[in-house]
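Order of the sequence lines sets the chain letters (A, B, ...), proteins ahead of strands, with each chain counted from 1.
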Amino acid sequence: MALSTKPYKGARDFYPEDKRLQKYMFAKWRTVAERFGYEEYDAPILEPLDIYLAKTGEEIVNEQTYSFEDRGGRKVVIRPEMTPTVSRMVAAKRQELAYPLRWYSIPNLWRYERPQRGRLREHWQLNVDIFGVAGASAEYEIINLVDSMFKEFGAKSSMYEVKLNSRKLMDYALSEYLGLNKTQSHDVAKLIDRMAKMERSIFLKRVDAAISAKAREAGVVEKLLALLETKQLSKLPEELAGLESVKELQSTLDLLSKNDITNTTFDITIMRGFDYYTDIVFEVFDTHPENNRSMVAGGRYDGLVGLFGVAPVPTVGFGWGDVTLANFLELHHLLPDFESETDVYIALVGDVIADAQKPIAQLREAGINVAVELSGKKLGDQFKAADKKGLKQVLIIGQDEIKAGAFTLKNLETSKETKGDIKTLSKLIKA
RNA sequence: GCGGGUGUAGCUCAGCUGGUUAGAGCGUCGGGUUGUGGUUCCGAAGGCCGUGGGUUCAAGUCCCAUCACUCGCCCCA
């Protein structure tokens with residue numbers, strides 16, 4: 001029985017061409033994050049189980065994570081997300097860190113579930129968080145940063161849209177404005193979250209099922225549907241319009257539009273599945289009809305750091321997966337042609353390996369990435385090899401060249417050959 | 001956990017209503033004379049048709065099971 005060459009289910013091998021794409025995406029993420037003053041951090045891939053139990057249900061952790069017991073009987077989890085980890089790190093140094101704290105990371109995350117398009121068991125996810133700012137300026141900065149990242153990848157505003165809402169607003173609307181109890185609120189919230197993916201009739205049926213007969217008779221369904229039709233903050237019912245969260249939403253939108261970020265809108269159906277969000281939540285959607293999915297998701301979670309026994313720290317952050325980004329870039333034709341990291345290929349003619357070392361070392365000292373053909377193949381085959389590797393320049397070294405101290409550099413794209421010493425050719429290779 | 005789809009060469013696939021030694025393109029390897037690639041020409045290797053069972057004179061083709069992959073649902077970090 002031969003061993004399988006396939007990678008583990010739902011996980012990927014990164015061959016050099018795949019790794020080049022990943023390096024490209026990560027480099028742009030890092031560039032923009034650092035342009036906004038964010039610092040990179042990292043942490044172990046294993047975390048104790050209980051930091052996830054604290055904020056979600058036990059079932060999710062057991063069924064959807066890779067968890068096991070170590071040899072010392074400790075229950076551990078391969079991290080499924082970064083937010084609890086970064087909250088733990090901030091809590092550990094709560095007193096000594098300088099706020100506002102701006103941190104980012106690109107962790108590899110694992111979840112145990114059935115793979116499907118755009119959703120694997122393993123992915124890399126950019127996490128950006130700002131700690132210590134309670135007001136809308138934090139939301140503004142985070143969304144502004146996301147927007148800058150999209151632009152850095154060459155995306156136009158028309159290719160994506162940011163949708164904003166507030167969990168506090170929705171909690172108040174469901175419990176106070178509509179008068180639903182806790183269970184009903186929770187169920188209806190989940191339904192609103194999935195509303196866009198559901199047929200209208202099914203949605204209505206499920207809403208009916210989620211609320212009590214008494215509430216139905218009181219006209220709650222009609223009130224809810226009217227509320228969900230609201231497209232602008234200014235059109236909210238008076239009872240809701242005065243909420244602090246609505247003001248926060250409005251000032252976030254104002255700041256963004258003043259900075260010419262106009263593809264951001266209020267969307268009352270954005271809920272986010274997770275319970276740790278405390279106020280404003282947002283998602284970024286691809287506007288392409290074939291990929292109408294959420295790519296970036298985030299919001300404010302003021303309570304998480306406090307779970308570690310220190311005074312709470314207001315926090316806004318988001319996550320952005322590498323798979324969804326790659327899908328987006330591909331669909332919008334935003335991927336550049338990736339080139340090899342190697343600048344020049346050395347073709348050796350005859351048994352000159354010993355004498356060739358000096359010029360090769362000189363090239364490397366000049367900062368040039370050099371790969372040497374060691375196969376001893378015919379010169380023509382060495383050219384083939386260089387071409388197959390996608391290399392554009394080949395330097396020929398044989399007895400004649402070593403004696404003369406002059407080498408031949410061939411550009412495979414133009415077929416042009418240039419003769420000269422290493423110093424001259426070095427400049428040419430770099431150009 | 002629940003549904004749908006698909007398994008034929010390294011890859012993408014063709015194989016009509018079951019009928020002899022299973023095909024193509026791309027890729028790989030070799031060659032077109034000894035220091036020049038990519039284009040072109042010639043040639044070669046490579047498949048228990050996912051696996052197991054069944055129907056039949058005869059199965060890549062039909063039936064059942066199983067596994068794998070894939071797309072949805074559930075869930076969404």
When you compare the protein's N or O atoms with those of nucleotides 68-72 of chain B, which come within less than 3.5 Å of each other, and at what distance?
from: rA68(B); atom 1: O2'; to: Lys6(A); atom 2: NZ; distance (Å): 3.1
from: rC69(B); atom 1: OP2; to: Lys9(A); atom 2: NZ; distance (Å): 3.1
from: rU70(B); atom 1: O4; to: Arg114(A); atom 2: NH2; distance (Å): 3.3

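- The ring-ring contact (aromatic ring centres under 6.0 Å, His included) test with Trp320(A) is passed by exactly one of Phe150(A), Phe328(A), Tyr104(A), Phe26(A): Phe150(A).
- Side-chain contact of Asp267(A) with Thr265(A): a donor-acceptor pair under 3.5 Å is absent, judged by distance alone.
- Across rA59(B) and rA44(B), the matching C1' atoms stand 31 Å from one another, rounded to whole Å.
- Note on Asp381(A): nothing from the nucleic acid sits closer than 4.0 angstrom, heavy atoms only.
- Per the geometry, CD1 belonging to Ile270(A) stands 15 Å off P belonging to rC76(B), to the nearest Å.
- Donor-acceptor pairing under 3.5 Å is lacking for the side chains of Asn369(A) and Thr342(A).
- Between the C1' atom of rU28(B) and the NZ atom of Lys384(A) lies a distance of 12 Å, rounded to the nearest Å.
- Among residues at least two apart or in separate chains, ring pair (Phe, Tyr, Trp, His ring centres under 6.0 Å) pairs with a member in residues 285-305 of chain A are Tyr276(A)-Tyr301(A), His288(A)-His332(A).
- Remark: rG19(B) base-pairs with rC57(B); criterion is Watson-Crick or G-U wobble with both hydrogen-bond distances under 3.5 Å.
- Taking atom C1' on both rC71(B) and rG25(B), the two are 27 Å apart, rounded to the nearest angstrom.
- To the nearest angstrom, C1' of rA77(B) lies 12 Å from NZ of Lys190(A).
- rU39(B): no Watson-Crick or G-U partner with both key distances under 3.5 Å is found in any strand.
- No side-chain donor from either of Tyr66(A) and Glu122(A) sits under 3.5 Å from a side-chain acceptor of the other.
- Looking at Thr424(A) and Asp421(A), their side chains do bring a donor and an acceptor atom within 3.5 Å of each other.
- Across the C1' atoms, rG7(B) and rA14(B) are found 15 Å apart, a figure rounded to whole Å.
- Per the geometry, NE2 belonging to His123(A) stands 10 Å off P belonging to rA77(B), to the nearest Å.
- In this structure, Arg30(A) forms no cation-pi arrangement with Tyr38(A), as its terminal cationic atom is not both closer than 6.0 Å to the ring centre and no more than 45° off the ring axis.
- Residues Thr252(A) and Glu139(A) have side chains that never bring a donor and an acceptor to within less than 3.5 angstrom of each other.
- Using the Watson-Crick or G-U wobble rule with both distances under 3.5 Å, rC48(B) pairs with nothing in any strand shown.
- Glu113(A) contributes no side-chain N or O that forms a donor-acceptor pair with the base of rG1(B) under 3.5 Å.
- Within 4.0 Å of Leu109(A), counting heavy atoms only, lies no atom of the nucleic acid at all.
- The 5' end of RNA chain B is approached more closely, in terms of each residue's nearest nucleotide, by Leu379(A) than by the other of Arg111(A) and Leu379(A).
- Taking atom P in both rC48(B) and rC11(B), one finds a spacing of 13 Å when rounded to whole Å.
- Listed pair Lys388(A) / rU28(B) meets the phosphate criterion, a side-chain N or O lying under 4.0 Å from OP1 or OP2.
- Of the nucleotides present, rU12(B) is the one that pairs with rA24(B) by Watson-Crick or G-U wobble criteria, both distances under 3.5 Å.
- The pair Glu248(A)-Arg300(A) fails the salt-bridge criterion, with no side-chain N (NZ, NE, NH1 or NH2) lying under 4.0 Å from an Asp/Glu carboxylate O.
- In this structure, Lys231(A) fails the cation-pi test against Phe266(A), since its NZ or CZ atom is not both closer than 6.0 Å to the six-membered ring centre and inside 45 degrees of the ring normal.
- Rounded to a whole Å, the CD atom of Glu17(A) is 15 Å from the P atom of rC11(B).
- rG1(B) is paired with rC73(B) under the criterion used here, namely a Watson-Crick or G-U wobble arrangement in which both key atom distances are under 3.5 Å.
- The separation between Leu120(A) atom CG and rC76(B) atom C1' is 14 Å, rounded to whole Å.
- Computed from coordinates, the Glu81(A) CD to rA77(B) C1' distance equals 4 Å when rounded to whole Å.
- Comparing rG47(B) with rU8(B), their P atoms are spaced 15 Å from each other, to the whole Å.
- Rounded to whole angstrom, the span from the CG atom of Asp13(A) across to the P atom of rC11(B) amounts to 14 Å.
- At least one donor-acceptor pair under 3.5 Å links the side chain of Asp302(A) to the backbone N or O of Thr315(A).
- Taking atom P in both rA9(B) and rA65(B), one finds a spacing of 25 Å when rounded to whole Å.
- Using a 4.0 Å cut-off on heavy atoms, the residues of residues 413-431 of chain A that approach RNA chain B are Glu413(A), Ser415(A), Glu417(A), listed by number.
- The residue among Lys378(A) and Asn411(A) whose nearest nucleotide of RNA chain B lies closer to the 5′ end is Lys378(A).
- Atom P of rU51(B) sits at a distance of 16 Å from the matching atom of rC67(B), rounded to the whole Å.
- Here Glu401(A) lies in heavy-atom contact (under 4.0 Å) with a base.
- With hydrogens and angles left out, the side chain of Asp387(A) and the base of rG38(B) share no donor-acceptor pair within 3.5 Å.
- Heavy atoms of Gly319(A) sit nowhere under 4.0 angstrom from any nucleic acid atom.
- Between the P atoms of rG23(B) and rG31(B), the separation comes to 28 Å (whole Å).
- Distance alone, capped at 3.5 Å, is enough to place a donor-acceptor pair between the Asp70(A) side chain and the Arg74(A) backbone.
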